[in-house]
Chemist: 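So that we are looking at the same thing, I have put the structure below in structure tokens.
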Amino acid sequence: MSDLLTNLSSVHKDALKEIGNIGAGNAATAFAQFLDTKIDMTVPSVAIVPMSEVPEVTGGIEKSVISVLLKVMGEAPGSILLVLSEASTENLLEMVLFSKQDLDDTNEVQVSAIKEIGNILSGSYLNAINQITGLNLFQSIPAFSHDMAGAILSSSMITLNDESDYALLIETKFMNGDNEIEGYFFLIPNPGSLEKIILALGLELK
């Protein structure tokens, strides 16, 4: 477990939230270009959560959700897990594919679109970290899952638990007119990675 991750000061949290806000701005710009429409994004909250509580944060272990998992590589490695409810995913896909979507029988086009959304979001947040810290971080090819939150996150945590018992949660909301989509963006740093990010921000560790 990272002692820093569980004992972040208000200064650390404010700096990380600012990264989340800048990442949201980058993602909004990238989405607007991808969809050729206006997209607004906000970051309602940034929090530190135990990995064991991630299913509850996303609505409960039995709730069916969509997730995209990517590895973060470079100078501060870790993982990124993006979790969306089925309703939010259907709304997001309708914006991308221009028709009503049903996830009961997920097809290849839907999976490709969701992976691309995960790529855009993750790349936007990593670019924000890179721009602010000067670190060089980049993501792997995304992995898609559609299952109950408990099942998805348990299988994800088989590998994630080797890296950290805690995750940095950046709650994200996308708005396209009256259409609101809520997503949960988890950054799970490898041991030592969060310390590198904090130091690169020019902050002290304590």
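Hydrogens, waters and symmetry mates are skipped; everything else that's a heavy atom, side chains included, is used.
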Chemist: Write down the atom of His146, the atom of Leu103, and the distance for their closest heavy-atom approach.
Modeler: CE1-O, 3.2 Å

Chemist: Set out, in order, the CA-CA distance, both residues' side-chain angles and the distance that settles side chain to side chain contact (heavy atoms under 4.5 Å, CB included) for Ser122 and Phe185, then state yes or no.
Modeler: CA-CA 9 Å; Ser122 302; Phe185 182 91; 4.2 Å; yes

Chemist: Under 4.5 Å between any side-chain heavy atoms of Ile39 and Met95, yes or no?
Modeler: yes

Chemist: Per the side chain to side chain contact (heavy atoms under 4.5 Å, CB included) rule, which among Val111, Thr89, Leu93 passes with Thr106?
Modeler: Val111

Chemist: Nearest 0.5 Å, what's the OG-CG distance between Ser64 and Asp147?
Modeler: 6.5 Å

Chemist: Are the side chains of Val72 and Asn190 in touch, meaning some heavy atoms are under 4.5 Å apart?
Modeler: no

Chemist: Locate the shortest heavy-atom distance separating Ser124 from Ala27; write the atom from each residue and the value.
Modeler: OG-CA, 3.2 Å

Chemist: Contact between Ile198 and His12 at the side-chain level, heavy atoms closer than 4.5 Å - yes or no?
Modeler: yes

Chemist: Say you draw a straight line from CG of Asn127 to CD1 of Ile132; how long is it, rounded to the nearest 0.5 Å?
Modeler: 11.0 Å

Chemist: Check whether any side-chain heavy atom of Thr42 sits under 4.5 Å from a side-chain heavy atom of Met175, and report yes or no.
Modeler: yes

Chemist: Identify the heavy atoms of Asn130 and Leu135 that sit nearest to each other, and give their distance.
Modeler: OD1-O, 2.9 Å

Chemist: NZ of Lys71 to CD1 of Ile141: how many Å apart, nearest 0.5 Å?
Modeler: 14.0 Å

Chemist: With side chains defined as the heavy atoms from C-beta onward, is the minimum distance between Met73 and Ser140 less than 4.5 Å?
Modeler: yes

Chemist: Please answer: with hydrophobic residues joined when any side-chain heavy atoms are less than 4.5 Å apart, are Val11 and Ile22 in the same cluster?
Modeler: yes

Chemist: Out of Ile66, Val68, Val96, which residue meets the side chain to side chain contact (heavy atoms under 4.5 Å, CB included) rule with Ile117?
Modeler: Val96

Chemist: Mind listing the closest non-hydrogen atom pair of Leu81 and Ser67 along with its distance?
Modeler: CD1-CB, 4.2 Å

Chemist: Should the pair Lys100-Asp102 be classified as a salt bridge under the 4.0 Å nitrogen-to-oxygen rule?
Modeler: no

Chemist: How long is the straight-line distance from CG of Leu16 back to CG of Leu187, given to the nearest 0.5 Å?
Modeler: 8.5 Å

Chemist: Side-chain heavy atoms nearer than 4.5 Å, only ILVMFWY residues, links allowed to pass through others: does that put Leu203 and Ile129 together?
Modeler: yes

Chemist: Determine whether Ser85 and Glu182 make a side-chain contact, defined as any pair of heavy atoms from C-beta on separated by less than 4.5 Å.
Modeler: no

Chemist: According to a hydrophobic-cluster definition based on side-chain heavy atoms being under 4.5 Å apart (Ile, Leu, Val, Met, Phe, Trp, Tyr only), do Leu97 and Leu121 belong together?
Modeler: yes

Chemist: Are any of the side-chain nitrogens in Glu180 or Lys173 under 4.0 Å away from the carboxylate oxygens of its partner?
Modeler: yes

Chemist: Going through the checks in order, is the side chain to side chain contact (heavy atoms under 4.5 Å, CB included) test met by Asn26 and Gln131?
Modeler: CA-CA 11 Å; Asn26 289 350; Gln131 290 168 4; 3.9 Å; yes

Chemist: Can you find a side-chain donor-acceptor pair between Gln101 and Ser99 that sits under 3.5 Å?
Modeler: yes

Chemist: Return yes if some donor-acceptor pair links the side-chain N/O of Thr172 with the main-chain N/O of Ile170 below 3.5 Å, else return no.
Modeler: yes

Chemist: Using 0.5 Å steps for rounding, measure from the CZ atom of Phe144 to the CG atom of Leu69.
Modeler: 13.0 Å

Chemist: Where do Phe138 and Leu126 come nearest, in terms of heavy atoms and distance?
Modeler: C-CD1, 3.8 Å

Chemist: To the nearest 0.5 Å, what is the distance between CG (Leu82) and CD1 (Ile120)?
Modeler: 11.5 Å

Chemist: What's the shortest heavy-atom distance between Ala167 and Ile188, and which atoms?
Modeler: CB-CG1, 3.7 Å

Chemist: Are the side chains of Val57 and Tyr184 in contact, using a 4.5 Å heavy-atom criterion?
Modeler: yes

Chemist: Grouping I, L, V, M, F, W and Y whenever their side-chain heavy atoms are under 4.5 Å apart, do Ile197 and Leu199 come out in a common cluster?
Modeler: yes

